[in-house]
Structures are given as C-alpha cells and as structure tokens.
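Please read the structure below before turning to the comments.
This is a predicted model, so every value here is computed, not measured. All values below come from the heavy atoms of this structure, side chains included, with hydrogens, waters and symmetry mates left out.
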2 protein chains.
Amino acid sequence: MARPESEHPTELELEILKVLWDESPLPVREVRARLETEADRPLAHSSVITMLNIMHRKGFLRRRKDGKAFLFTPKVKKESVSGGMMGDLLSRVFDGSPSAMMLNLLETADIDADELAELRKLINRKAKERQS
Amino acid sequence: MARPESEHPTELELEILKVLWDESPLPVREVRARLETEADRPLAHSSVITMLNIMHRKGFLRRRKDGKAFLFTPKVKKESVSGGMMGDLLSRVFDGSPSAMMLNLLETADIDADELAELRKLINRKAKERQS
DNA sequence: GTAGAATATTTAATTCTTTAGATGATCTTA
DNA sequence: TAAGATCATCTAAAGAATTAAATATTCTAC
C-alpha cells in the first residue's frame, strides 16, 4: 500500500554519497561536519548516524569498525548512480529517447559557446567509437 | 522535521500527468482506465480521486465540474516539468555541468548512429542560434 | 577512580506517498 | 418510487524519508 523503497539514493542520501565520493573512508563526525559546510545541511550527530545506517542497510555504503568509531565508504560508484538516475529520468520522462532528453537539456540549460564545442567533441568521439 | 513537499511531480503523479498530457480534459473514470492500460497501474477509483485532488491542491492540475463529475486538465506544461526535473538532476548530480550530464548520457544510453546524427544536428542548430 | 568527551543504539515524531474502504449524494430506470 | 449505478468526500492505514532526543557505553584526562 505504500511507496516501495527506491533503488536510487534520495536527496539527502545523495548529499552524503557526494561527501564520501570526495573522500573516504570517513567517520560519522566528519560526514556531519562536511554536510554542514559543503551541503549547507546542519544535522544532529544522531541524525547522520541514522542516515548512514539506513544507507548501509540499503547497500549504498560499506561500514567498518575503527576503534570505537565506524568508518564509512561508498559501495556504489558515482558513475553508476548518475547513470541509474539518468536512465530512470530517460525512461520515465522522455520515453527512452536520448535525443528528446538532449533537446531538453539544450533548451533549458544555459550553455555557452565553449560548452557547445565540448558537447560536439563528445558526440564526434562517440561516433568514431561506434565505427569500430 | 520531515521532508518538504517536492516541487516536482512524484512517480505516480508523473504517470497521471502523462495520461493528461496525452489527452485532456478527462474524468476520473478515464484517468483510471488509462493508468491501468497505459501505465500498467491498476488502482481503485478512490485512489485515483485522492491523487487527482492532491495534485490539484499542489497546483499541477486544473479541475472543473461537468455535471456531477469533475474533469481534470494539466496546469503545468510537459516541457516545464521535464525541464524542471532535468535542471534538478543537473544541479544535484552533475554540479550544473551540462557536458558532464551529456557525457553520462552518451556513455550510459545505448545510442544508435541515427540518434547520434540527430544529436549533432541539435547542437549545430543551437550553435547557430547563439550567434544571433 | 571519577568526570567528561566521544560514540553508538534505541526510540519515536513528523511529513510525504500510495492505496483504498466506508459512506453519502444524485441520477437513471424498471 | 425503490434499486442500482455513478460519482464525490471522509477517513485512514502503512511504508518511506527526515530529524533528533534520550540513553548507554567506552575511553581519556585529572
């Protein structure tokens, strides 16, 4: 009768993953500090522990005891999470059409000339790869 | 102490919006039928009403009485919702870098030669627009 | 050894999301 | 006009997400 647990990280979970992708392993205390300074998310110590444990249960993190404290490490790669979330949006919003998604990106995001050149390069590289 | 209401439609809300973007206005009964056939989402009549009313409260839908039944119409455009969700992902996952997002799309999605050509065309068109 | 610091565990409160039963109102038709 | 169909409202249940207080444990410094 309720929403099933998402396979993708939630808002806060993603913030925590970002902290740990940037550097890990980290103890709770450190994760808490960085959430405050880097993500402007000041949480109580116990809140952070709760989240970290939930994420451990979900399989997003690895947890290892170091003395009396736990150290946390991401178990999922940044690329795979991004890819999963992109794929999700691609299928749910754009009915699986990459060019529809791309078009939206071009229209919505404010992209300067350098970025456009960069994008063109990416496409050319991809086109070359395909030929092999 | 809890999660704030999202500015973007949730999973089920998006399915309902898709139905209504495809054709509207529609009465509850019709929305229900299409959710079952098109989205493989068989819900009780009252469940659909509840959702539609929530979405009305959130400002996603317009509601108008037709005889004894209500007719529902989207109040938000497909492009604006897609754009919002893309922008959200762009900032939250790719730190606002469109080319990082694009790269991910190219790597993850399985894009054929025609799609690639299409994407190149989109970029060229955008580049031309920028010059004006 | 005792006070305090640093940890983790337990518990729970709040809001959101999803689902739907029970009930009531109104219309149609036999 | 009474029964059934059709629709809305009210109510609520249960899981998910977010936050944190209260409590217990263990280490450290005096």
Side-chain angles (χ1 to χ4, degrees), chain A residues 1-19 25-36 39-73 81 85 88 92, chain B residues 1-19 25-36 39-73 81 85 88 92:
Chain A
M1 305 279 187
R3 188 183 14 165
E5 199 167 83
S6 171
E7 86 171 289
H8 307 294
T10 65
E11 158 69 19
L12 177 56
E13 285 170 351
L14 184 61
E15 291 299 340
I16 292 175
L17 279 174
K18 279 181 172 177
V19 166
L26 292 179
V28 182
R29 159 178 87 294
E30 269 301 316
V31 174
R32 183 191 173 285
R34 291 172 198 218
L35 277 177
E36 177 153 16
D40 193 32
R41 198 97 177 213
L43 293 181
H45 190 78
S46 56
S47 305
V48 179
I49 291 192
T50 303
M51 284 309 300
L52 290 170
N53 285 337
I54 289 175
M55 292 172 73
H56 178 242
R57 173 178 59 72
K58 289 189 182 179
F60 291 139
L61 302 181
R62 182 166 292 117
R63 200 175 74 156
R64 127 173 153 252
K65 203 88 185 200
D66 170 54
K68 77 174 161 172
F70 281 119
L71 292 182
F72 291 85
T73 317
V81 168
M85 295 180 76
D88 185 57
R92 291 200 304 115
Chain B
M1 303 284 184
R3 190 185 12 171
E5 198 166 85
S6 171
E7 85 169 291
H8 307 295
T10 65
E11 159 68 18
L12 177 56
E13 287 170 350
L14 184 61
E15 292 299 340
I16 291 175
L17 278 174
K18 279 181 174 176
V19 165
L26 291 179
V28 183
R29 157 176 84 311
E30 269 302 315
V31 174
R32 184 191 171 284
R34 292 173 196 217
L35 277 177
E36 177 152 15
D40 192 32
R41 198 97 176 212
L43 293 182
H45 190 79
S46 57
S47 306
V48 179
I49 291 191
T50 303
M51 283 310 300
L52 289 171
N53 284 338
I54 288 174
M55 291 173 74
H56 178 241
R57 174 178 59 71
K58 287 187 181 180
F60 290 138
L61 303 181
R62 183 166 292 118
R63 202 175 73 156
R64 133 175 148 248
K65 202 88 184 202
D66 171 54
K68 78 173 161 172
F70 280 119
L71 292 182
F72 291 87
T73 316
V81 168
M85 294 180 77
D88 185 58
R92 291 200 303 116

Selection residues 49-73 of chain A - residue pairs positive for salt bridge (Lys or Arg N to Asp or Glu O under 4.0 Å), sequence neighbours left out = A/E5-A/R57, A/E13-A/K58
request  = To the nearest Å, give me how far apart CD (B/E36) and P (C/dA20) are.
outcome  = 11 Å
inquiry  = Mind checking if A/E13 touches a base, just sugar-phosphate, or nothing, with heavy atoms under 4.0 Å?
reply    = nothing
request  = Mind calculating the distance between CD (A/E5) and C1' (C/dT18) to the nearest angstrom?
outcome  = 15 Å
message = So A/L61 and A/L17, do their side chains get closer than 4.5 Å, heavy atoms only?
response = yes
key: CE on B/M55 to OG1 on B/T10, rounded to 0.5 Å   = 7.5 Å
inquiry  = So, using side chain to side chain donor-acceptor pair (under 3.5 Å) as the criterion, who are the partners of A/E15 when residues are at least two apart?
reply    = none
query = CZ of A/F70 to CG of A/N53: how many Å apart, nearest 0.5 Å?
reply = 7.0 Å
request  = Grab the CG-P distance between A/L12 and C/dT14 for me, whole Å please.
outcome  = 20 Å
key: Test log, rule side chain to side chain contact (heavy atoms under 4.5 Å, CB included), inputs B/L26 and B/R34   = CA-CA 10 Å; B/L26 291 179; B/R34 292 173 196 217; 4.0 Å; yes
message = In whole Å, I'd like the distance from the CG atom of A/L35 to the P atom of D/dT18.
response = 12 Å
ask   = Out of curiosity, B/L14 CG to B/H8 NE2, how far, rounded to the nearest 0.5 Å?
value = 11.5 Å
message = If you assign A/V48 and B/I49 each to the DNA chain D nucleotide with the nearest heavy atom, which residue ends up on the more 5' nucleotide?
response = B/I49
query = Distance check: side-chain N/O of B/H45 vs OP1/OP2 of C/dG21, anything under 4.0 Å?
reply = no
query = How long is the line joining CD1 of B/I16 and C1' of C/dT19, in whole Å?
reply = 12 Å
Pairs: protein N or O with nucleotides 21-27 of chain D N or O, under 3.5 Å:
unit_1	atom_1	unit_2	atom_2	d
D/dA21	N7	A/S46	OG	3.2

query = Within this structure, what is the CD-to-P distance between A/E15 and D/dT18, rounded to whole angstrom?
reply = 11 Å
ask   = Hey, are the side chains of A/V19 and A/E30 touching, using non-hydrogen atoms and a 4.5 Å cut-off?
value = no
Distance, rounded to the nearest Å, where B/R32 contributes CZ and D/dC7 contributes P = 11 Å
note = With the side chain defined as heavy atoms from C-beta on, A/V28 is closest, among C/dA8, D/dT9, D/dT18, to C/dA8
task = List the steps, then state whether side chain to side chain contact (heavy atoms under 4.5 Å, CB included) holds for A/F60 with A/L52.
result = CA-CA 9 Å; A/F60 291 139; A/L52 290 170; over 6 Å; no
request  = Give, ordered by number, those residues of residues 51-59 of chain B having at least one heavy-atom distance below 4.0 Å to an atom of DNA chain C; if nothing qualifies, reply none.
outcome  = B/M51, B/I54, B/K58
query = Roughly how bent is the helix from C/dG1-D/dC30 to C/dA30-D/dT1 end to end, in steps of 10 degrees, with each end axis from five pairs?
reply = 20°
ask   = Would you say A/T10 reaches D/dT18's phosphate, i.e. side-chain N/O to OP1/OP2 under 4.0 Å?
value = yes
message = Looking at A/R29, I'd like to know whether one of its side-chain N or O atoms comes within less than 4.0 Å of OP1 or OP2 on C/dA6.
response = no
message = What is the separation between atom CD on A/E11 and atom C1' on D/dA17, rounded to the nearest whole Å?
response = 11 Å
query = What pairs with A/L43 under side chain to side chain contact (heavy atoms under 4.5 Å, CB included), at least two apart in sequence or on another chain?
reply = A/L12, A/L35, A/R41, A/S47, A/V48
